[in-house]
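The basis for the numbers below is simple: all heavy atoms, side chains too, and nothing from hydrogens, waters or symmetry mates. None of the values given here were measured: they were computed from a predicted structure.
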Amino acid sequence: MSKRPWGFVVGGLLVALLLAGVVSNYASSHPDGLDSSLLKGCTVDAEGEITGGSCPALQERDHELADSPLADYGVRGLDNDFLSTGLSGVLGVLLTFAVGGGVFWLLRRRGPQQPAADAATADVSGGEPAADRPQGRAAESPAGDASRVARSR
């Protein structure tokens with residue numbers, strides 16, 4: 001597997017942009033579960049306006065960010081609903097990708113680094129650190145070789 005799967009990331013981004021820009025316009029216009037549960041106890045006309053009864057939706061207020069550029073699944077100032085919804089979705093995907101990519105970029109591993117503890121265990125004669133040696137292999141030094149030769153006689 002490649003270390004940098006750019007094709008996969010770009011492909012995923014293109015699919016997300018297509019879904020947000022085009023398919024989002026065909027989403028259901030009926031209220032979701034939260035909206036419909038808030039309307040229980042009230043009578044509603046064909047346009048979704050409450051005409052009577054008592055329900056939690058009667059206490060509904062506009063959100064503080066209701067006048068923001070991307071409020072209500074559209075772009076403020078665009079009269080074409082299809083374009084407004086699609087552009088809102090595309091901007092949302094790009095913003096999410098930028099924030100997520102920035103977080104991953106900040107948290108990415110910078111490659112293998114030798115911690116100070118491993119540097120202290122490195123072989124004095126310039127060999128590899130003890131942590132990188134294969135199991136069962138002792139540090140090889142000129143003194144060790146001489147003592148091994150003397151013992152073998």
Between T85 (side chain) and F82 (backbone), is there a donor-acceptor pair under 3.5 Å? no
For side chain to side chain contact (heavy atoms under 4.5 Å, CB included), just list the numbers for V75 and L83, CA-CA rounded to whole Å, side-chain angles, deciding distance to a tenth of an Å, and then say yes or no. CA-CA 9 Å; V75 176; L83 181 62; over 6 Å; no
Grab the two heavy atoms, one from V93 and one from A20, that are nearest each other, plus how far apart they are. CG2-CB, 3.5 Å
Hey, any chance L39 and L58 share a hydrophobic cluster, counting ILVMFWY side chains that come within less than 4.5 Å of each other, even indirectly? yes
Which is it for V10 and L14 under the side chain to side chain contact (heavy atoms under 4.5 Å, CB included) test, yes or no, and what are the steps along the way? CA-CA 6 Å; V10 170; L14 290 176; 4.2 Å; yes
Residues two or more places apart in sequence or in another chain: which of them pass side chain to side chain donor-acceptor pair (under 3.5 Å) with T43? T51
How far does CG of L38 sit from SG of C55, to the nearest 0.5 angstrom? 7.5 Å
Between R76 (side chain) and A71 (backbone), is there a donor-acceptor pair under 3.5 Å? no
Exercise: identify the closest heavy-atom pair between G21 and V90: CA-CG2, 3.7 Å
Distance from E49 atom CD to C42 atom SG, nearest 0.5 Å? 12.0 Å
Are L19 and L13 connected in the hydrophobic side-chain network, where two residues link if heavy atoms are under 4.5 Å apart? no
To the nearest 0.5 Å, atom CG of L17 lies from atom CG of L94 at 5.0 Å
Strictly distance-based, threshold 3.5 Å: is any side-chain N or O of S88 a donor or acceptor partner for the main-chain N or O of S84? no
Has D45 got more than 12 heavy atoms of other residues, nucleotides or ligands less than 6.0 Å from its CG? yes
Is the backbone of G74 close enough, under 3.5 Å, to the side chain of D72 for a donor and an acceptor to pair up by distance? no
